Amino acid sequence: MSSTDPNAKYQSPLTSRYASPEMAANFSNNKRFGTWRRLWFNLAVAEKQLGLPGISDEALEQMQNNLDNIDYEVANAEEKKRRHDVMAHVHTFGIVAPAAAPIIHLGATSCFVTDNADLIIFRDGMDLLINKLVCVINDLTQFAIRYRDLPTLGFTHFQPAQLTTVGKRATLWIQELLWDLRNMQRARDDLGFRGVKGTTGTQASFLALFNGDHEKVEQLDALVTELSGFTACYPVCGQTYSRKIDIDFMSPLASFGATAHRIATDIRLLANLKEIEEPFEKDQIGSSAMAYKRNPMRSERICSLSRHLMVLIGDVLQTASVQWLERTLDDSANRRISIPEACLTADIVLTTLQNVVDGLVVYPKVIERRIRSELPFMATENIIMAMVKKGGDRQECHEEIRVLSHQAAAVVKQEGGENDLIERVKNTEYFAPIKDELDALLDPSTFIGRAPEQVDGFVEKHVKPALAPYASVIAAKKPAELSV
């Protein structure tokens with residue numbers, strides 16, 4: 001079997017099966033090493049601009065013309081020989097930009113490219129996630145508006161409770177997603193640049209290059225930060241930027257994982273009740289044995305991947321806690337796995353969640369039937385109040401309705417029959433004074449309180465202002481397509 005056969009070795013399902021092309025590209029070798037070259041170019045541009053000799057226009061031109069011209073065979077061979085990925089790529093870049101070979105990486109340490117590139121890649125990855133989250137919130141908001149006043153049985157402890165509406169229930173999901181959006185945007189905006197700090201963060205090498213001119217070293221740091229697309233760099237660091245930044249970056253993703261798991265679990269429960277169903281394609285198979293099944297496989301995938309997303313935060317927490325003094329290298333291999341996986345997993349969860357939300361199917365007749373089976377019990381207080389208004393005694397009425405309720409419950413639980421409480425009330429002489437009012441007392445719309453108005457107020461006061469800055473993202477939204 002050929003060693004080049006992709007099926008001959010393990011492939012991460014995050015990239016081979018699930019991830020979007022955009023997020024997979026963001027963590028690709030092309031993005032990483034292309035970013036390294038841009039950082040080396042920015043450093044050279046800034047050093048030349050600040051008067052450092054030996055950096056020619058020809059050198060800068062050759063660097064700029066070969067930012068993405070990466071010979072991986074050369075780079076891999078160099079890394080195998082030198083056991084150092086950064087120096088392998090310095091050498092590889094110098095081959096295609098020979099005029100720049102003497103000054104590539106001048107004064108820098110490896111973390112100049114590795115850490116700064118990570119921060120750029122993390123920022124770009126978070127942008128992709130934020131845009132997808134905005135689309136999920138927008139689509140779910142349209143769902144909430146559409147079903148703002150459709151009564152449905154509420155559940156506490158997954159036991160029947162007072163009525164709510166389908167739309168109001170969706171606002172509970174949206175509210176948590178809005179918090180996730182706030183947290184992700186905050187983490188993205190808080191990302192700074194490591195900057196030009198040297199081997200142990202003292203900038204000693206750059207101070208030597210500029211003959212002890214502290215001001216020029218500070219200018220170099222600020223200029224490279226600006227050229228790399230950041231407004232600020234971290235004021236101090238060791239060899240690496242503080243790994244506590246990784247905690248701040250990953251925490252919103254883990255928190256979103258909890259939200260997504262909760263939403264998908266709710267949908268799975270409602271699918272079991274046949275009240276709401278995720279999209280099910282024409283030729284989709286729910287079970288290899290039971291042809292009738294319509295398993296909520298998308299929601300199950302969300303739950304499965306969200307659990308993985310939630311636990312990845314443990315990696316960066318532990319890594320940050322054991323960084324010795326100016327740095328230790330036991331962070332590197334761990335971060336190469338945990339942080340890209342977190343972004344890839346969040347991306348997959350968001351794509352799947354948008355696909356589910358866009359295709360949610362509501363079955364009003366099933367919902368109505370379940371309401372009818374439970375509403376008579378919930379209406380007992382209304383029946384008591386109506387009798388009192390007709391001159392009845394509350395305690396006496398309570399006892400009458402209690403007895404009838406137990407009888408009706410026995411029919412449901414022991415005989416498997418329908419809830420016949422209202423028929424029992426109608427056929428009991430004691431309740432004759434309100435017999436003509438009973439149907440009105442059982443109107444589901446009178447049991448939903450302010451649920452429709454809460455949906456309206458929530459959308460106007462909270463959702464629309466939160467989504468306003470992302471109007472262009474919403475306008476450019478495309479359907480979320482799953483690879484499998």
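As the structure is a computational prediction, the values presented were derived from the model and not from experiment.
Considering only residues two or more places apart in sequence or on other chains, Arg370 meets the salt bridge (charged side-chain N to carboxylate O under 4.0 Å, His left out) condition with Glu275. Residues satisfying the ring pair (Phe, Tyr, Trp, His ring centres under 6.0 Å) test with Phe93, not counting sequence neighbours, are none. Applying the ring pair (Phe, Tyr, Trp, His ring centres under 6.0 Å) test to His462 and every residue at least two apart in sequence or in another chain returns Phe458. The ring pair (Phe, Tyr, Trp, His ring centres under 6.0 Å) check on Phe256 picks up nothing, with sequence neighbours excluded. Not counting sequence neighbours, the partners of Phe122 by the ring pair (Phe, Tyr, Trp, His ring centres under 6.0 Å) test are Phe249.
Screening Val455, Leu140, Ile263 for a side-chain contact (heavy atoms from CB on, under 4.5 Å) involving Ile174 leaves a single residue, Leu140. The side chain to side chain donor-acceptor pair (under 3.5 Å) test with Asn355 singles out one residue from Arg301, Arg298, Glu278, and that residue is Arg298.
A side-chain donor-acceptor contact under 3.5 Å links Tyr234 to the backbone of Gly192. With hydrogens and angles ignored, the 3.5 Å screen pairs no side-chain donor or acceptor of Tyr18 with any backbone N or O of Thr345. For Asn183 (side chain) and Trp179 (main-chain N/O), a donor-acceptor pair under 3.5 Å exists by modelled atom type. Although no hydrogens or angles enter the test, the distance criterion places a donor-acceptor pair under 3.5 Å between the side chain of Asn116 and the main chain of Gly195. Side-chain atoms of Ser228 come within 3.5 Å of backbone N or O of Val224 as a donor-acceptor pair. Of the possible polar contacts, none joining the Asn138 side chain to the Leu467 backbone as a donor-acceptor pair under 3.5 Å is found. Not one N or O on the side chain of Asn334 forms a donor-acceptor pair closer than 3.5 Å with the backbone of Val316. Looking at Ser28, its side chain does come within 3.5 Å of a backbone N or O of Ala25 through a donor-acceptor pair. The backbone N or O of Leu329 sits nowhere less than 3.5 Å from a side-chain atom of Ser332 that would complete a donor-acceptor pair. For the pair Arg38 (side chain) and Gly34 (backbone), a donor-acceptor distance under 3.5 Å is present.
Taken from CE in Met250 to CD1 in Ile339, the straight-line distance is 6.0 Å, to the nearest 0.5 Å. Here CZ of Arg146 is found 10.0 Å from CG of Leu360. Values are rounded to the nearest 0.5 Å.
For residues 221-232, the pairs satisfying salt bridge (charged side-chain N to carboxylate O under 4.0 Å, His left out) are Lys197-Asp221, with sequence neighbours left out.
When all heavy atoms of Asn382 and Leu441 are compared, the pair lying nearest together is ND2-O, 4.0 Å. Closest approach of Ser405 to Thr380, counting heavy atoms only: OG-CG2, 3.8 Å. Ala97 approaches Gln62 most closely through the heavy-atom pair C-OE1, 3.1 Å. Ala46 and Leu220 make their closest contact through CB-CD1, 3.6 Å (heavy atoms, listed as atom of the first residue, atom of the second, distance). Closest of all the heavy-atom pairs between Leu178 and Ala466 is CD2-CB, 3.7 Å. Summarising the geometry of Pro376 relative to Arg372, their closest heavy-atom pair is CD-O, 3.1 Å, with the distance given to 0.1 Å.
At least one side-chain heavy atom of Pro151 sits under 4.5 Å from a side-chain heavy atom of Ile371. The closest side-chain heavy-atom distance from Leu153 to Ile367 is not below 4.5 Å. When side chains are defined from C-beta on, Phe41 does not count as touching Asn66, because their heavy atoms never get closer than 4.5 Å. Between Asp127 and Arg188 there is a side-chain heavy-atom pair separated by less than 4.5 Å. Proximity of Asp330 to Val322: side-chain heavy atoms (C-beta onward) are separated by under 4.5 Å at one or more points. Using a 4.5 Å cut-off on side-chain heavy atoms (C-beta onward), Leu253 and Leu309 make contact. When side chains are defined from C-beta on, Ile70 does not count as touching Trp36, because their heavy atoms never get closer than 4.5 Å. Within the 4.5 Å cutoff, the side chain of Asn419 has no heavy atoms near those of the Val411 side chain.
In summary, Arg243 and Asp315 do not engage in a salt bridge, as defined by a charged side-chain N under 4.0 Å from a carboxylate O. Using a cut-off of 4.0 Å between Lys/Arg side-chain N and Asp/Glu carboxylate O, Asp118 and Arg32 are scored as salt-bridged. Between Asp85 and Arg336 there is a salt bridge, since a side-chain N of the basic residue sits under 4.0 Å from a carboxylate O of the acidic one. In this structure, Arg262 pairs ionically with Asp266, as a charged nitrogen and a carboxylate oxygen lie closer than 4.0 Å. Under 4.0 Å is where a charged nitrogen must lie from a carboxylate oxygen, and between Lys477 and Asp139 at least one such pair does.
Side-chain contact annotation: Gln185 with Asp189, donor-acceptor N/O pair under 3.5 Å present. No side-chain donor-acceptor contact under 3.5 Å links Ser304 and His308. Counted by atom type alone, Asp443 and Ser445 present one or more donor-acceptor pairs between their side chains at under 3.5 Å. Looking at Tyr241 and Asp246, their side chains do bring a donor and an acceptor atom within 3.5 Å of each other.
The aromatic rings of Phe143 and Tyr147 lie tilted to each other, with the angle between the two planes from 30° to 60°. Using bins of under 30°, 30° to 60° and over 60° for the plane-to-plane angle, the ring pair Phe155/Phe158 lands in the tilted bin.
Annotation for Gln11: atom CD counts as buried by contact number, over 12 foreign heavy atoms lying within 6.0 Å. Atom CD of Gln162 sits in a sparse spot, with 12 or fewer heavy atoms from other residues, nucleotides or ligands closer than 6.0 Å.
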